[in-house]
Amino acid sequence: MGRTHRGILRVVPFSGLRRFDKIEGMERRYPKGAESHRYVFPEIIGGHYWAQPKYAIERPKGRYDWLLLLTLSGEGLVGDGKTMRRLAPGQMMLFAPGAPQFYRKHPEAKGWESLWVHFYPRTDWAPLLAWPKMVRGVGAFDSAVLPEAAQRAIRAELREAVCRTLDGTPLGDAQAMNLLERVFLRCRPVKPRPKDEHEAFAERIRELFQRNPANTEETLARQLGLSRAVCARRFRECFGMTPTVYGERYRLEQAKRMLAAGLAATVGEAAQVAGFRNASYFAKRFRGIYGVVPSTLLKETPEGRPAGAQQRGKWKMGPGTDRGPQGVTGGFCAIRPGMPYHIRRPQGRRDWLLFLTLSGEGLLGGRGIDTVRLGPGKLGLYAPGAPQDYRMTPSVGHWDFLWLHFRAPVEWGPLLTWRPMSEGLNVLDLSAFREEAQREIGVRLRAAARHARGYAPWEARLTRNLLERALLRCLLEEQNGRKEEDAFAERMQAHLFRTLHRPQTVAALARAAGLSPSRFAHRFTETFGESPLAYAERYRLGRARRLLCEGICSSVKEAAFAVGFSDPLYFSRRFHRLYGVPPSRCTGDEAQGDGDPSTEQ
């Protein structure tokens with residue numbers, strides 16, 4: 001028997017090695033073969049579950065997070081302990097925080113295969129979580145009421161979300177949250193059901209904490225028009241904790257999101273914004289809840305840069321950039337010759353603006369921003385507050401593009417920091433990505449632009465979900481591309497070092513890289529900024545200079561032969577042209593120079 005942070009987790013013992021896990025800073029022992037967990041940050045965690053004959057989960061007081069169960073095959077018995085329901089294939093159960101959780105394989109079933117996801121919903125998910133109620137705090141949904149294609153999509157997306165939670169990375173968790181939101185959008189209630197008193201109270205509390213995270217038991221009671229004792233009792237019944245504990249957890253979650261999104265440069269800054277006067281106390285409470293110190297999040301910003309460094313410049317975020325899905329608008333535009341289309345916004349806008357060129361070409365710029373050409377397959381992104389100036393390229397004759405204005409939530413900070421950033425204008429070339437990724441990004445953005453013209457509330461949510469999925473794929477491909485380029489650069493430098501004494505040819509280098517000579521030359525020039533033979537010669541000359549400076553080679557002739565030059569006179573001419581001095585004068589100099597590629601990479 002192991003105690004979680006809420007309630008009792010009973011696991012029937014099996015033979016096998018025992019393992020340990022941490023949940024919210026507390027150790028929990030569970031046997032091999034039981035429900036497996038991965039824990040990094042408590043936003044989302046999932047797994048694929050095959051029930052053992054006598055395996056059962058009992059949490060009389062529930063948990064602090066939400067739990068979603070989907071049956072894939074077999075049958076389970078799920079409920080709150082008093083009211084139990086058979087969970088057949090395609091049926092789902094949703095447990096709210098604090099609701100008792102009891103589930104196991106049905107005694108009459110041969111097995112039970114299911115997917116489970118524990119998660120903390122985003123602030124605007126409340127309408128998506130309003131499922132038909134089985135008992136208080138427990139909702140049920142049968143996907144059989146949906147078309148067969150939608151049922152298959154729900155199973156596939158939830159499987160992929162579970163796989164992404166196992167990555168153990170912030171990007172994997174972000175992808176999992178996006179897929180889970182898509183599942184809830186597919187299962188959205190057709191007609192809003194009336195809220196009972198308990199749910200209305202919980203929603204009102206969440207609104208008050210969103211407005212002022214520093215609310216106390218006294219201020220809550222005054223705003224709700226209740227006595228302090230009644231407010232505390234109802235609060236504990238609803239959330240399973242006191243208002244003080246809830247407020248602290250809410251502020252810690254806000255600080256965690258700021259650190260993860262790079263909006264706070266230091267732990268002290270995040271603590272101050274979240275309402276903690278003492279940074280040491282904040283770090284201690286953060287570690288007690290999440291199991292890691294807050295500085296861990298600072299090390300996980302894109303490209304290892306300090307948090308908060310990616311969104312600095314003359315442009316600023318602008319007020320009102322976190323207003324939820326109602327801030328998404330978009331559509332398609334076709335510019336032809338003779339149309340007076342030229343948009344100028346010297347002060348920019350308060351939201352983000354994204355372009356994708358479908359055909360033709362446009363010119364993007366602004367006051368103090370270099371004008372860039374936006375051809376087919378290129379994404380352009382204006383940050384809030386950045387001057388905007390865009391029009392069709394006159395020499396091309398037409399420009400077909402889609403556009404999206406949106407307000408970015410805090411979690412999107414790493415998704416909107418493409419390289420390079422030029423005073424608030426970014427351009428990303430999708431042609432550098434794999435064909436599969438290019439298709440997916442294009443399809444998602446086209447669907448987002450179509451749904452952005454709808455008026456239903458769920459369409460706005462779906463638009464933002466599609467946009468987020470496209471931006472996540474861009475970030476993933478950009479990271480993979482950088483890793484491939486880094487590996488390519490390291491491999492080529494290692495090959496040049498091993499073959500330093502031999503003359504280099506493009507064909508030999510291409511064979512070492514496993515590419516055709518033309519493809520190799522193109523990729524090499526993109527990576528190193530010069531042709532393969534020019535780089536190889538500069539690399540060899542840099543090594544020769546180091547050999548002479550460090551006294552390893554006693555003569556110019558010896559150094560020339562050591563790096564693959566058969567003619568010492570030609571070596572001396574090339575050396576003098578690169579460094580401005582003959583090689584005979586390098587003895588005793590510093591072993592570094594502007595022309596040595598080995599010191600630049």
Could you walk me through whether Arg345 and Tyr390 pass the side chain to side chain donor-acceptor pair (under 3.5 Å) test, one step at a time? CA-CA 9 Å; Arg345 300 188 183 106; Tyr390 53 92; 3.1 Å; yes

Would you check, one step at a time, whether the test side-chain contact (heavy atoms from CB on, under 4.5 Å) holds for Phe239 with Arg206? CA-CA 11 Å; Phe239 295 99; Arg206 294 190 187 98; 4.1 Å; yes

CA sep, side-chain torsions, deciding dist, call: Glu468, Arg464, salt bridge (charged side-chain N to carboxylate O under 4.0 Å, His left out): CA-CA 6 Å; Glu468 181 185 34; Arg464 196 181 69 168; over 6 Å; no

Tell me the closest heavy-atom pair linking [X] and [Y], and the distance in Å.
X	Y	answer
Leu416	Ala408	CD1-CB, 3.6 Å
Leu158	Val183	N-CG2, 4.1 Å
Leu356	Gly442	CD2-CA, 4.4 Å
Ala452	Gly330	CB-N, 3.5 Å
Gly46	Val162	C-CG1, 3.9 Å
Pro376	Gly360	CD-O, 3.3 Å

Full working for side-chain contact (heavy atoms from CB on, under 4.5 Å) between Met84 and Arg104: CA-CA 10 Å; Met84 304 296 286; Arg104 63 181 183 272; 4.2 Å; yes

Nearest 0.5 Å, please: how far is [atom2] in [Y] from [atom1] in [X]?
X	Y	atom1	atom2	result
Tyr64	His118	OH	NE2	15.0 Å
Arg155	Gln151	CZ	CD	6.0 Å
Phe332	Trp403	CZ	CH2	10.5 Å
Leu428	Leu381	CG	CG	9.5 Å
Gln175	Ile44	CD	CD1	11.0 Å
Leu70	Leu87	CG	CG	8.0 Å

Quick check: do [X] and [Y] have side-chain heavy atoms less than 4.5 Å from each other?
X	Y	answer
Glu436	Arg473	yes
Thr71	Val78	no
Tyr49	Ile57	no
Phe141	Leu94	no
Thr463	Phe406	no
Met177	Trp125	yes
Asn215	Pro243	no
Leu466	Leu445	no

Parallel, tilted or perpendicular for Phe95 and Tyr103, by the 30°/60° rule? tilted

Would you call the rings of Phe235 and Phe201 parallel, tilted or perpendicular, taking 30° and 60° as the class edges? perpendicular

Centroid-centroid under 6.0 Å between Phe184 and Trp131 rings: yes

Among residues at least two apart in sequence or on other chains, which ones pass ring-ring contact (aromatic ring centres under 6.0 Å, His included) with Phe433? none

For side-chain contact (heavy atoms from CB on, under 4.5 Å), just list the numbers for Gln438 and Glu477, CA-CA rounded to whole Å, side-chain angles, deciding distance to a tenth of an Å, and then say yes or no. CA-CA 10 Å; Gln438 295 180 42; Glu477 291 297 316; over 6 Å; no

Is the CZ atom of Arg251 crowded by more than 12 outside heavy atoms at less than 6.0 Å? yes

Does atom CD (Glu148) have a neighbourhood of more than 12 heavy atoms from anything else shown, all under 6.0 Å? yes

Do Glu160 and Arg164 sit within salt-bridge range, that is, some charged N less than 4.0 Å from a carboxylate O? yes

Report the C-alpha separation of Leu475 and Leu471 in whole Å, then their side-chain angles, then the decisive distance to 0.1 Å, and conclude whether the side-chain contact (heavy atoms from CB on, under 4.5 Å) test is met. CA-CA 6 Å; Leu475 179 61; Leu471 294 173; over 6 Å; no

Strictly distance-based, threshold 3.5 Å: is any side-chain N or O of [X] a donor or acceptor partner for the main-chain N or O of [Y]?
X	Y	answer
Glu157	Leu179	no
Asp429	Ala432	no
Ser114	Leu69	no

